[in-house]
S.K.: 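Got a structure for you, written out below as structure tokens; questions coming shortly.
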Protein chains: 2
Amino acid sequence: MDTAEQMNPEAYFDSYEDLKIHELMLSDKPRQAAYQSAIVGNRNLFAGKTVLDVGAGTGILSLFCAQAGARRVYAVEASNLARLARAVVAENKFDHVIEVSECRVEEFRLPDDERVDIIVSEWMGFFLLHEGMLDSVLYARDQFLKPSGLMFPNTATIYVAPCSVPSRFDQWESLSGVSMRCFGETLRGQCAAKPEVLTVAPEHLLHEGHVMTWLDLKEVTTEELNSIESKEVLVAQTEGKLQGFCIWFDCTFPTDETGGQTKTEVILSTNPSAPETHWKQTVILLPEQACEELEVRDPVAFSLTMVRNQETNRRYDLQLTLLDAEKEEHNLPCECQMTKCILMKAHLDKMQVDG
Amino acid sequence: MDTAEQMNPEAYFDSYEDLKIHELMLSDKPRQAAYQSAIVGNRNLFAGKTVLDVGAGTGILSLFCAQAGARRVYAVEASNLARLARAVVAENKFDHVIEVSECRVEEFRLPDDERVDIIVSEWMGFFLLHEGMLDSVLYARDQFLKPSGLMFPNTATIYVAPCSVPSRFDQWESLSGVSMRCFGETLRGQCAAKPEVLTVAPEHLLHEGHVMTWLDLKEVTTEELNSIESKEVLVAQTEGKLQGFCIWFDCTFPTDETGGQTKTEVILSTNPSAPETHWKQTVILLPEQACEELEVRDPVAFSLTMVRNQETNRRYDLQLTLLDAEKEEHNLPCECQMTKCILMKAHLDKMQVDG
């Protein structure tokens with residue numbers, strides 16, 4: 001979901017009619033396992049309950065809910081995939097439980113102005129917020145969820161960490177015995193224009209990850225999603241070349257706390273050290289002159305903002321600014337090596353990148 | 001290189017100005033290794049010679065030729081990447097050997113109507129012929145190569161084999177405990193419209209590969225590339241479910257036979273059992289009703305044609321027809337089990353697919 005026309009309001013739902021996107025998502029084992037475990041593994045939370053599935057797609061989450069004993073599941077899907085979801089529901093003999101509605105959730109009405117016990121949705125995009133589908137989930141929550149209701153997932157956290165990106169930066173010095181340095185530089189110049197969805201190896205993270213934002217999905221508002229900002233001085237935990245910033249997210253799901261037995265919380269993580277998902281990680285590359293060899297405890301000061309694009313509100317503009325660590329507030333006692341802070345001052349840079 | 005606008009004549013060269021395509025190609029280790037080994041490993045063939053590099057891209061093949069001792073290399077590149085190639089050449093201090101020309105090879109002129117000793121080019125597309133770039137290489141051969149000259153590569157072979165495609169066919173029976181059969185069927189219905197570029201595991205081939213065509217690049221004509229046809233009865237070498245046909249290619253390079261020491265022929269192979277390249281394999285999926293469990297020695301009769309598209313001559317239309325093995329000519333003595341041949345007759349099918 002990353003081309004201009006797919007972000008066009010009319011084209012957004014059409015794009016999900018390409019079944020290859022669903023093949024990709026359904027073949028994403030950590031995604032499947034997290035939802036299956038959180039839903040089917042929590043029968044106590046679902047038995048006899050009513051559920052709303054926002055953006056039901058092929059209907060798989062609704063089927064998990066039915067398997068978990070839900071009394072009624074309202075599966076809302078805006079694209080014509082709703083018809084396929086109906087066939088999948090019938091194939092699994094749950095048509096007496098699951099009702100598929102082909103409409104946007106903003107146009108959906110529950111019978112008798114009922115409210116549901118649970119909302120399930122897989123709304124996450126690249127770097128969590130891309131696609132802006134969370135807005136529809138929050139609308140559904142405010143319109144249709146009982147005050148005591150549960151959200152699946154119920155929290156989402158965005159992380160950011162300085163990282164190396166050797167595949168993009170380091171292989172061009174000598175490629176098959178040829179110096180391709182100027183190719184590498186031009187390539188990075190082209191790529192600095194937008195964040196990239198890449199797989200980052202865990203050993204290329206220079207920090208375990210700073211929490212940029214934590215969203216309680218029972219409470220967060222659409223307005224709070226308009227702009228998310230983080231300004232930090234992190235201290236390198238691994239030595240290596242700072243070449244970019246890696247962004248990922250995780251989501252958690254409600255756990256049944258009533259049954260007497262303590263259950264492990266289900267986490268769907270897109271951390272580089274977790275099994276790879278179709279979300280991979282999102283990387284903002286630094287220009288060459290801002291790259292810097294870091295030693296353990298060297299400070300990295302930056303601000304990262306995610307601001308909803310004014311024209312296409314399913315997009316976010318990401319802006320990364322490298323800051324002068326010396327001028328930023330530190331947690332005291334400060335562990336950073338101040339000579340490095342001064343060095344970094346010369347490398348102040350700013351990138352406007354379009355998500 | 002696979003979207004409609006990239007196949008548009010004007011857009012074709014522009015598309016190569018996206019450096020990520022070159023990053024992909026330059027990061028393709030079997031591709032790099034084959035050309036490096038064939039050129040730099042054959043100094044005797046290149047020392048003191050003149051070379052024409054058709055579609056030079058970033059200039060890497062021209063640099064291999066210069067490293068191998070070529071006296072003069074004409075690097076012809078139609079996109080504005082020619083300017084980057086010039087910078088790469090300068091970076092490697094070979095500007096006295098390599099002359100980069102920003103033009104189509106059809107517009108190129110050699111000084112004093114000279115002819116070159118060697119043509120190098122990496123012109124191969126998916127299933128070898130996609131992109132139709134070989135036409136330009138053959139034009140260059142006819143216009144600019146000495147009669148005794150060498151082509152790098154000098155042969156190309158297209159292979160086809162019946163195969164299983166379990167990722168597309170078999171995972172939908174029970175996905176995370178849900179039956180998604182009708183999703184799988186609809187997905188295959190969508191995908192049957194065009195060949196797919198996929199990675200096929202070697203164990204999913206039901207035959208080692210039949211040579212669909214072998215091209216001597218010193219002799220083949222553009223007209224011969226307008227339509228390539230193969231009609232065969234193959235005998236399964238491995239048992240498994242026939243779910244599609246896998247197409248791949250390999251290329252060979254001239255070997256120095258004069259030095260007294262026998263050199264190993266360099267082969268760039270996109271066989272499923274060879275290390276993965278960015279070409280992967282091309283697969284034509286069968287409709288469900290044409291899929292058939294094959295035992296060892298069961299016959300598979302089919303015809304496969306690759307016909308140049310009339311409107312966009314960089315595209316080929318692939319057409320696969322399953323045939324009745326019983327009615328086709330066999331090599332005698334025939335090893336096929338005739339009951340199976342009759343069974344297959346019911347599954348006669350035809351697919352027009354657009355490359």
Side-chain angles (χ1 to χ4, degrees), chain A residues 3 17-24 26-29 31-37 39-40 57-64 66-68 81 83-94 167-168 171-191 196, chain B residues 3 17-24 26-29 31-37 39-40 57-64 66-68 81 83-94 167-168 171-191 196:
Chain A
T3 67
E17 293 173 7
D18 178 354
L19 296 193
K20 282 206 196 169
I21 290 162
H22 294 276
E23 182 186 27
L24 180 72
L26 292 167
S27 303
D28 180 340
K29 288 189 170 59
R31 171 191 186 267
Q32 290 292 111
Y35 276 92
Q36 184 182 21
S37 173
I39 299 172
V40 186
T58 56
I60 186 127
L61 301 190
S62 292
L63 282 158
F64 287 161
Q67 288 179 337
L81 211 67
R83 296 160 219 179
L84 182 57
R86 258 180 222 125
V88 175
V89 166
E91 177 180 336
N92 287 274
K93 302 189 175 23
F94 273 118
S167 62
R168 183 56 60 76
Q171 69 167 319
W172 310 112
E173 288 294 309
S174 176
L175 183 87
S176 311
V178 170
S179 173
M180 301 287 286
R181 205 179 313 121
C182 67
F183 173 81
E185 282 163 18
T186 313
L187 174 65
R188 285 196 301 280
Q190 260 190 10
C191 295
E196 283 197 77
Chain B
T3 68
E17 294 174 5
D18 178 353
L19 296 193
K20 281 203 196 170
I21 291 161
H22 294 276
E23 183 186 27
L24 179 72
L26 292 167
S27 303
D28 180 339
K29 289 189 169 61
R31 171 190 186 268
Q32 291 292 111
Y35 277 90
Q36 184 182 20
S37 173
I39 299 171
V40 186
T58 57
I60 186 126
L61 301 190
S62 291
L63 282 158
F64 287 161
Q67 287 179 339
L81 210 67
R83 297 161 218 179
L84 183 56
R86 259 181 220 123
V88 174
V89 167
E91 177 181 336
N92 287 273
K93 301 192 176 22
F94 273 117
S167 62
R168 182 56 59 75
Q171 69 168 318
W172 310 111
E173 287 294 309
S174 177
L175 183 86
S176 311
V178 170
S179 172
M180 302 286 286
R181 205 178 314 118
C182 67
F183 173 81
E185 282 163 17
T186 314
L187 174 66
R188 285 197 300 279
Q190 260 189 11
C191 295
E196 284 198 76

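Throughout, protein chains are lettered first and strands after them, A, B, ... in sequence-line order, and every chain is numbered starting at 1. Just so you know, these numbers use all the heavy atoms, side chains as well, and skip hydrogens, waters and symmetry mates. This one's a predicted model, so the numbers in the text were calculated from it and none came from an experiment.
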S.K.: Working to the nearest 0.5 angstrom, can you tell me the gap between B:Thr58 OG1 and A:Leu175 CG?
M.R.: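 Spacing of OG1 (B:Thr58) from CG (A:Leu175) equals 8.5 Å.
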S.K.: Is B:Asn92 reaching over with its side chain to a backbone N or O of A:Ser179, donor-acceptor style, under 3.5 angstrom?
M.R.: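 Looks like yes, one N/O pair under 3.5 Å.
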S.K.: Return yes if some donor-acceptor pair links the side-chain N/O of A:Gln190 with the main-chain N/O of B:Leu19 below 3.5 Å, else return no.
M.R.: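 Yes; at least one donor-acceptor contact below 3.5 Å.
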S.K.: So do B:Lys20 and A:Glu196 actually touch side chain to side chain, heavy atoms under 4.5 Å?
M.R.: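 Side chain of A:Glu196 against side chain of B:Lys20, heavy atoms only: contact under 4.5 Å found.
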S.K.: Within a strict 4.5 Å, meaning less than it, do heavy atoms of the B:Ser176 and A:Phe64 side chains meet?
M.R.: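 Yes, close enough: below the 4.5 Å cut-off.
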S.K.: For A:Glu185, which atoms come within 4.5 Å of any heavy atom of chain B: side chain, backbone, both, or neither?
M.R.: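 Contact with chain B is absent: no heavy atom of A:Glu185 under 4.5 Å.
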S.K.: Between B:Ile60 and A:Phe183, is any pair of side-chain heavy atoms under 4.5 Å apart?
M.R.: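 Not touching, per the 4.5 Å side-chain cut-off.
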S.K.: Looking only at heavy atoms, which two atoms of B:Ser27 and A:Gln171 are closest? And how far apart?
M.R.: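 B:Ser27 and A:Gln171 have their closest heavy atoms at OG-NE2, 3.2 Å.
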S.K.: So which heavy atom on B:Leu84 is nearest to which on A:Cys182, and how close?
M.R.: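 Heavy atoms of B:Leu84 and A:Cys182 come nearest at CD1-O, 3.9 Å.
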S.K.: Salt bridge check: are B:Glu23 and A:Arg188 linked by an N-O gap of less than 4.0 Å?
M.R.: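 Salt bridge absent between B:Glu23 and A:Arg188.
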S.K.: Under 3.5 Å, is there a donor-acceptor pair between the side chain of A:Glu91 and the main chain of B:Val178?
M.R.: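 Not at all, since once roles are kept as given, no pair shorter than 3.5 Å links the two residues.
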S.K.: Answer with side chain, backbone, both or neither: which region of A:Lys29 has an atom nearer than 4.5 Å to a non-hydrogen atom of chain B?
M.R.: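 For A:Lys29, there is no contact with chain B at all, as no heavy atom is under 4.5 Å.
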